[in-house]
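Each chain gets a letter, A, B and so on, in the order its sequence line appears, and its residues count up from 1.
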Amino acid sequence: MSRGALRLAVSRLTIKRSLPEKQFGTISRMNPLHVVTALNPAQQKAVTAQPGHVLVVAGAGSGKTRVLVHRIAWLLETQRSAPHNIFAVTFTNKAAAEMRARIEAMLRYSVGNMWVGTFHGLAHRLLRTHWREASLPEGFQIIDSEDQRRLVRRIIRTLGLDEARWPVKQVQSWINAQKEAGMRCTQLHDGGDPWRRQIISLYREYEATCRRSGLVDFAELLLRSHDLLRDHEELAAHYRSRFRHILVDEFQDTNGLQYAWIRLLAGDQGWLFMVGDDDQSIYGWRGARIENIHRFPQDYANVLTIRLEQNYRSTRTILTAANAVIANNQGRLGKNLWTDVGVGDPLHLYRAFNDLDEARFIVGRIHQWLAQGGRADQAAILYRTSAQSRVLEEALAAQGVPYRVYGGQRFYERAEIKDALAYLRLIANRDDDAAFERVVNTPPRAIGARTLEKLRLVAREGGVSLWQAARDLAAGGALAARARTALSGFLALLARLDEDTAAGPLDERVAGVIENSGLLEYYRRDKSNHSGTRVENLEELVSAARQFSYDQPEGESLLGAFLARAALESGDDPSGGGGVHLMTLHSAKGLEFPLVFLCGLEEGLFPHQRSLNDPGKLEEERRLCYVGMTRAMQVLCLTHAEVRRIHNADFYPEPSRFLQEIPMDLVREVRLRGSVSWPRYTPDADQADSFTLGQRVAHPKFGKGVVLNYEGRGAHARVQVNFEHAGTKWLVLAYANLGAV
DNA sequence: TACGGCCAACTTTTT
DNA sequence: GTTGGCCGTA
């Protein structure tokens with residue numbers, strides 16, 4: 001699991017050590033021409049735009065990263081910019097690492113003091129440097145969404161609220177939405193609304209808990225560093241004079257707070273270089289505001305807008321189809337991708353009987369691809385929901401096709417890893433309530449719900465952390481002897497873990513904690529963990545710590561830095577190993593594959609049920625479809641099923657509206673042996689004289705049914721239909737007058 | 001207090 | 001099909 005992450009860390013290390021820093025005053029080692037050759041006119045225009053604000057509308061496969069990298073190289077090589085003048089921000093660690101690596105590969109010197117990172121990573125860097133000004137404790141820790149949810153649940157219960165009326169996730173996302181709107185609980189007013197009054201008090205209580213515990217959630221990283229710049233003019237001035245060039249990747253995915261933060265950082269001195277594609281905005285449900293990219297040219301005077309419309313990835317057919325689909329959206333910035341490569345294959349369309357048939361078909365096509373000399377890792381199967389992967393995986397495995405599934409449980413999010421990290425967090429900061437709650441009784445050490453309840457009460461009344469409350473309770477006489485012993489035991493254990501390992505290297509420290517806390521033994525004996533992966537993962541964490549300490553030899557708090565990385569990096573980078581790529585459409589963004597299967601194209605699945613009644617959400621689904629289609633380089637194969645099994649229940653979905661939005665002449669419907677032709681997307685489907693197995697049909701007398709079987713052809717063709725009410729019947733096609741449903 | 005079994009939920013998830 | 005939470009029992 002974490003091996004990819006480790007490999008990534010190693011390669012970054014190699015780059016750092018083998019490249020010299022840029023020496024000022026030395027002659028550029030690179031001919032500036034190299035920065036702009038091999039760029040098309042639009043790319044060149046973007047890369048060499050004179051100081052000013054720039055919006056690059058970069059279509060799929062139009063060389064977006066290339067432009068960013070070349071722009072930075074151009075600034076460094078021809079504009080007398082130094083690496084420390086540049087601030088480049090992305091959404092993923094992967095994108096940030098790639099950008100840095102490509103710049104260094106191009107320039108052949110290390111740009112270590114250039115700020116390149118994710119929004120959260122760079123905000124974190126600011127807060128670590130200026131924790132005092134940001135009113136944070138020096139050793140503040142980052143909590144992930146799961147930690148946050150547990151804290152919120154705790155608070156809902158503490159306030160004696162009904163979880164059914166105050167769903168944890170809803171409260172959590174409400175709080176995050178407030179933070180993303182820049183709203184602190186003190187700035188919110190209930191306006192006499194009891195619901196608002198209650199949820200604001202939840203927010204207040206949550207903030208108080210975080211403050212007491214020295215915890216910062218993801219949204220807080222951004223809000224805190226935004227407020228830091230807003231409230232400390234001298235600090236802001238310092239950074240504004242430093243970062244003359246601010247480059248933003250995937251601008252369409254920024255939320256309001258991120259945009260505000262960037263604007264604050266730029267002030268009226270920094271030049272903004274925003275790269276994005278409004279047609280690929282697919283994270284609205286997480287707070288991304290597509291409006292940001294739309295209003296940027298209005299927010300600043302004289303924004304130079306450049307469109308990158310030449311696509312270097314897909315065939316003309318694929319692009320035409322994708323353009324046709326996205327054209328159904330309103331209010332786009334507008335662009336039309338084109339390519340000068342060939343027309344290519346038509347899109348393939350397969351109408352499957354059910355999800356098993358769909359999977360079988362896809363595997364069959366992959367076999368064909370392999371037989372024609374293709375590699376498995378050139379193929380990707382994209383789906384709307386993770387749940388769809390299971391059937392596909394089974395079909396691939398049954399046929400011996402290697403594959404790898406992206407997404408899912410990440411290394412640093414695994415329960416056993418988070419347990420181990422919680423011990424480490426408590427070592428770093430005893431007041432970390434989230435960590436305390438997590439491991440106070442993991443592994444079980446007889447500290448039960450009653451004891452914890454008392455602890456929380458004491459902590460709440462005294463306005464102190466759980467740790468401090470535990471110390472008080474263990475010393476006083478308020479607890480039963482048994483509970484007191486158990487609690488003292490935990491306090492002593494932690495002190496021991498801390499002291500025993502304080503001097504040693506990080507990995508020994510981690511190993512000591514895992515061993516002596518009893519976690520290792522606990523998971524070793526865990527019967528539900530048949531394969532022993534949890535134990536392996538714990539061992540892997542020790543290796544990750546060792547690797548990390550090689551990677552970052554200097555630094556005052558290695559443990560703190562390690563914990564921060566664990567929170568900010570998923571630690572999951574499924575790189576090595578070939579095989580067909582299986583992933584959700586969301587995780588496919590930014591990738592490309594010669595052969596792409598887009599499956600489950602059905603109303604209710606894609607577009608998803610929960611988006612059907614909201615035009616805005618529907619447009620986001622369409623953008624998701626656009627993203628999926630534009631991943632394909634050579635062959636794009638679309639599939640849908642007539643019967644879809646979801647949570648053990650059968651559904652009979654209509655084909656996705658997105659299919660209807662693709663011009664028919666770009667599509668070739670694929671039929672397998674054993675099925676008969678059925679011109680599915682002709683307007684007069686009633687005229688059709690043949691059917692596929694599983695096809696839903698309507699009979700004037702028997703009503704609706706499903707085609708089970710057929711025999712013969714032409715005038716003698718007969719079909720067997722299972723009618724919903726009339727039962728199974730054989731009908732002569734020529735007389736049956738069957739229609740489509 | 002611990003554990004096993006049962007039940008409900010379940011879109012997407014860069015940090 | 002899986003997972004996390006809840007509850008009853010030892």
Checklist outcome for this item: Picking from C:dG1, B:dT11, B:dT13, the nucleotide nearest the side-chain atoms of A:W285 would be B:dT13

Checklist entry - With A:E661, which residues qualify under side-chain contact (heavy atoms from CB on, under 4.5 Å), at least two apart? => result A:V325, A:N328, A:R622, A:R657, A:F658

Item to check | Whole-Å gap separating P (C:dG4) and CD (A:E413) | outcome: 12 Å

Next on the checklist: What is the distance, to the nearest angstrom, from the CG atom on A:N441 to the P atom on B:dT1?
Outcome noted: 9 Å

Item to check | Closest-nucleotide ordering on DNA chain B, the 5'-leading residue of A:E620 and A:G121 | outcome: A:E620

Item to check | Salt-bridge contact A:E98-A:K94 (side-chain N to carboxylate O under 4.0 Å) | outcome: no

Checklist entry - Over how many whole Å does the gap from A:R150 atom CZ to C:dG5 atom C1' extend? => result 11 Å

Next on the checklist: Nearest to the side chain of A:R610, heavy atoms from C-beta on, is which of B:dT15, B:dT12, B:dC10?
Outcome noted: B:dC10

Checklist outcome for this item: Sorted by position of nearest nucleotide on DNA chain B, 5' first, the leading residue of A:A446 and A:M583 is A:A446

Checklist outcome for this item: Which of B:dT14, B:dT1, B:dT13 is nearest the side chain of A:D253? It is B:dT14

Item to check | Any A:S587 side-chain N or O less than 4.0 Å from OP1/OP2 of B:dT13 | outcome: yes

Checklist entry - With a non-hydrogen cut-off below 4.0 angstrom, is A:S389 in contact with a base, only sugar-phosphate, or nothing? => result nothing

Next on the checklist: Within the 4.0 Å heavy-atom criterion, would you say A:R384 contacts the bases, only the backbone, or no part of the nucleic acid?
Outcome noted: base

Checklist outcome for this item: A:H586 atom NE2 is separated from B:dT12 atom P, nearest whole Å, by 9 Å

Item to check | Whole angstrom value for the distance that separates C1' of B:dT15 from NE2 of A:H120 | outcome: 4 Å

Checklist entry - Rounded to whole angstrom units, what separation is found between the CD atom of A:Q170 and the P atom of B:dA9? => result 14 Å

Next on the checklist: Can you tell me which nucleotide in B:dT11, B:dT15, B:dT14 comes closest to the side chain of A:R410?
Outcome noted: B:dT14

Checklist entry - Atom CZ of A:R390 to atom C1' of C:dT3: distance rounded to whole Å? => result 15 Å

Next on the checklist: Under 4.0 Å, counting only non-hydrogen atoms across every strand here, what does A:Y283 touch: a base, just sugar-phosphate, or nothing?
Outcome noted: base

Would you tabulate the nitrogen or oxygen pairs shorter than 3.5 Å linking the protein to nucleotides 6-10 of chain C?
| from | atom 1 | to | atom 2 | distance (Å) |
| --- | --- | --- | --- | --- |
| C:dC6 | OP1 | A:R157 | NH2 | 2.8 |
| C:dC6 | OP2 | A:R157 | NH2 | 3.4 |

Checklist entry - Do the ring planes of A:F548 and A:F562 sit parallel (below 30°), tilted (30 to 60°) or perpendicular (above 60°)? => result tilted

Checklist entry - How long is the line joining CD of A:E146 and P of B:dT15, in whole Å? => result 16 Å

Next on the checklist: Please enumerate all residues that pass side chain to side chain donor-acceptor pair (under 3.5 Å) together with A:S145, with sequence neighbours excluded.
Outcome noted: none

Checklist entry - Once the angle between the rings of A:H581 and A:Y406 is folded into 0 to 90°, is it parallel (under 30°), tilted (30 to 60°) or perpendicular (over 60°)? => result tilted

Next on the checklist: Less than 6.0 angstrom separating the ring centers of A:Y283 and A:H586, yes or no?
Outcome noted: yes

Next on the checklist: Would you call the rings of A:F490 and A:F436 parallel, tilted or perpendicular, taking 30° and 60° as the class edges?
Outcome noted: perpendicular

Checklist entry - Any side-chain N or O of A:S611 less than 4.0 Å from the OP1 or OP2 oxygen of B:dT12? => result no

Next on the checklist: Working note: A:I417 + A:F411, criterion side chain to side chain contact (heavy atoms under 4.5 Å, CB included); need CA distance, chi angles, decisive distance, verdict.
Outcome noted: CA-CA 7 Å; A:I417 298 303; A:F411 184 71; 3.7 Å; yes

Checklist entry - Taking only side-chain nitrogens and oxygens of A:T90, does any of them come within less than 4.0 Å of OP1 or OP2 of B:dT14? => result no

Next on the checklist: For a quick test of reading the model: is some side-chain N or O of A:S386 closer than 4.0 Å to OP1 or OP2 of B:dT11?
Outcome noted: no

